[in-house]
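Contents: one structure, followed by commentary.
Throughout, a chain's letter reflects where its sequence line sits, starting with A, and its residues are numbered from 1. Quick caveat: nothing in here was measured; it's all calculated off a predicted structure.
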There are 2 protein chains.
Amino acid sequence: MELVNEEASGRPKRLPREVRERQILDAAVSVFSVHGYHAASMDEVSATAGISKPMIYSYLGSKEDLFAACIRRELDRLLVAIADRAKPGLPADQQLWYGVLAFFEFIGANKDSWSVLHRQASEHGGPFAAEHRLLRTRAIELVAALVISAAGRSEHSEIGAAAQRTGESLAAAVVGAGESLADWWLDNPQESARHLAERMMNVVWAGFGNLMDGKVWAPPPEADE
Amino acid sequence: MELVNEEASGRPKRLPREVRERQILDAAVSVFSVHGYHAASMDEVSATAGISKPMIYSYLGSKEDLFAACIRRELDRLLVAIADRAKPGLPADQQLWYGVLAFFEFIGANKDSWSVLHRQASEHGGPFAAEHRLLRTRAIELVAALVISAAGRSEHSEIGAAAQRTGESLAAAVVGAGESLADWWLDNPQESARHLAERMMNVVWAGFGNLMDGKVWAPPPEADE
DNA sequence: CAATAAACTTACTGTCGAGTAGGTACGGCT
DNA sequence: AGCCGTACCTACTCGACAGTAAGTTTATTG
């Protein structure tokens with residue numbers, strides 16, 4: 001499990017800054033994902049990267065800076081992976097499908113990334129929470145736009161305004177379900193990405209469909225306590 | 001915001017162990033929920049409880065012990081709150097509705113509890129993760145049982161076996177959505193518990209309904225890369 | 001072949017926080 | 001009254017870890 005990068009030759013080769021920075025970030029993501037931000041030590045990051053501690057401070061700054069750099073890099077990778085697959089030309093359900101699929105495939109191939117992005121980043125009150133909320137907000141907006149655009153084409157077009165409002169919280173639930181499903185996956189890796197994505201679509205798209213047809217579930221009428 | 005419990009009289013009254021333990025747990029839940037496990041200090045817990053540090057060690061043991069005690073207490077409170085409302089005699093959708101509603105109402109009234117139970121407990125590799133997984137597992141089993149029982153009464157009874165399997169991962173998605181919605185609520189407290197519960201039911205119950213009618217969403221046939 | 005800059009190191013400082021030693025004060029009981 | 005147990009405290013130890021000072025090696029370029 002030791003990720004020391006130098007060859008067995010023992011002599012640490014001199015590498016350009018760019019390469020070392022990547023190695024440091026790789027190590028940091030791995031260490032943060034295992035221990036969480038607070039419990040992770042810079043010494044362990046430096047050991048995992050096969051480098052000494054002052055290099056990290058020289059290249060990436062403080063521990064917080066390092067963590068922020070991890071989040072930014074992994075967030076970019078995730079967003080690019082999704083954007084590559086959910087092309088805007090497709091019908092709404094297919095856009096959603098490919099987006100969801102790309103999401104789960106990325107998580108499957110980069111569980112550390114997800115752990116850092118979601119679990120660790122949200123544990124903070126600091127500037128990371130903001131960064132993390134950005135991801136969620138973007139995702140929610142994206143999904144909401146898909147719902148609303150789909151609702152616009154529905155035969156019940158008079159529900160447009162209601163769908164707008166309901167669509168957004170529906171999107172929040174959907175994104176939330178995706179996040180939690182991804183969390184759950186970290187602990188239960190037996191399922192495939194495709195499977196998870198299909199399950200997701202089954203719940204979600206059905207909910208959308210009923211919404212567009214104006215079928216809503218209503219709580220039983222009863223005296224509130 | 002200071003929760004110092006003693007009166008302004010200055011003299012700390014002598015209280016029985018039972019009472020102090022409750023005060024310490026209250027303080028600990030509050031502090032852990034704000035800072036997370038690692039960043040929380042025993043000094044802050046003791047200050048918040050209005051008591052000195054050795055009392056905590058004498059009554060509740062180490063920091064880990066204290067944290068575990070918090071989780072256990074809050075978990076019990078949550079489960080009791082739900083069991084009180086989701087009576088087994090009701091039809092499946094109403095059981096689910098009251099369970100979900102009780103869940104959100106509890107979270108609304110005890111945001112600290114949820115923060116400790118979900119956010120902080122899952123950040124660990126240790127024995128807390130196990131404790132936390134127990135909550136999730138129980139919830140998933142409960143929901144899955146509801147789905148399957150509902151499916152049994154559907155006119156498409158031949159899908160029973162398939163529903164069994166699909167029902168469980170559907171339940172996982174539902175519980176996940178609930179967890180994430182609760183997380184999201186911590187940051188967006190403007191909605192009411194009832195509202196959230198209704199949104200939840202709308203997505204979820206629609207998904208169940210379609211499942212029971214055998215309507216499934218299928219991905220577009222295409223060459224996989 | 002200097003000389004310069006960048007890659008890289010060892011070995012330290014200072015702080016913060018978990019856990020404890022060793023008490024004092026207060027109430028109940030005979 | 002005087003004893004005992006329990007509630008409660010101040011003031012410490014000790015280890016872990018973020019961050020740094022000050023130096024050493026290597027590639028490159030004039």
Rounded to whole angstrom units, what separation is found between the [atom1] atom of [X] and the [atom2] atom of [N]?
{"X": "B/Asp43", "N": "C/dT20", "atom1": "CG", "atom2": "P", "result": "14 Å"}
{"X": "B/Ile56", "N": "D/dT10", "atom1": "CD1", "atom2": "C1'", "result": "15 Å"}
{"X": "B/Leu66", "N": "C/dG19", "atom1": "CG", "atom2": "P", "result": "10 Å"}
{"X": "B/Met42", "N": "D/dC9", "atom1": "CE", "atom2": "P", "result": "15 Å"}
{"X": "A/Leu60", "N": "D/dA18", "atom1": "CG", "atom2": "C1'", "result": "15 Å"}
{"X": "B/Leu15", "N": "C/dA25", "atom1": "CG", "atom2": "C1'", "result": "15 Å"}

Please pick, from [options], the nucleotide with the shortest atom-to-atom distance to any side-chain atom of [X].
{"X": "B/Lys63", "options": "C/dA18, D/dA18, D/dT10", "result": "C/dA18"}
{"X": "B/Tyr57", "options": "C/dT20, D/dT20, D/dA18", "result": "C/dT20"}
{"X": "B/Pro54", "options": "C/dA18, D/dA21, C/dT20", "result": "C/dT20"}
{"X": "A/Ile51", "options": "D/dC17, C/dT9, C/dA18", "result": "C/dT9"}

How would you label the contact of [X] with the nucleic acid (heavy atoms, under 4.0 Å): base, sugar-phosphate, or nothing?
{"X": "B/Pro16", "value": "nothing"}
{"X": "B/Met55", "value": "base"}
{"X": "A/Ser62", "value": "sugar-phosphate"}

Every protein N/O lying under 3.5 Å from an N/O of nucleotides 3-6 of chain D:
| residue | atom | partner | partner atom | Å |
| --- | --- | --- | --- | --- |
| D/dT6 | O2 | B/Arg14 | NH2 | 2.5 |

Salt-bridge present ([X], [Y]; N to O < 4.0 Å):
{"X": "B/Arg22", "Y": "B/Glu18", "answer": "no"}
{"X": "A/Arg72", "Y": "A/Asp65", "answer": "no"}
{"X": "B/Lys111", "Y": "B/Asp183", "answer": "no"}
{"X": "A/Glu105", "Y": "A/Arg194", "answer": "no"}
{"X": "B/Glu141", "Y": "B/Arg138", "answer": "no"}

Inter-residue atom distance B/Glu179.CD - B/His118.NE2, 0.5 Å rounding: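 It comes to 4.5 Å.
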
Aromatic ring pairing A/Tyr37/A/Phe67, orientation class (parallel under 30°, perpendicular over 60°, tilted between):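 A/Tyr37 and A/Phe67: tilted rings.
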
Side chain A/Lys53 and base D/dG19 donor-acceptor under 3.5 Å: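 In this structure, the two groups form a donor-acceptor pair.
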
Residue met sooner reading DNA chain D from 5', once A/Ala39 and B/Ser52 are mapped to nucleotides: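 Per heavy-atom nearest nucleotide, the more 5' residue is B/Ser52.
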
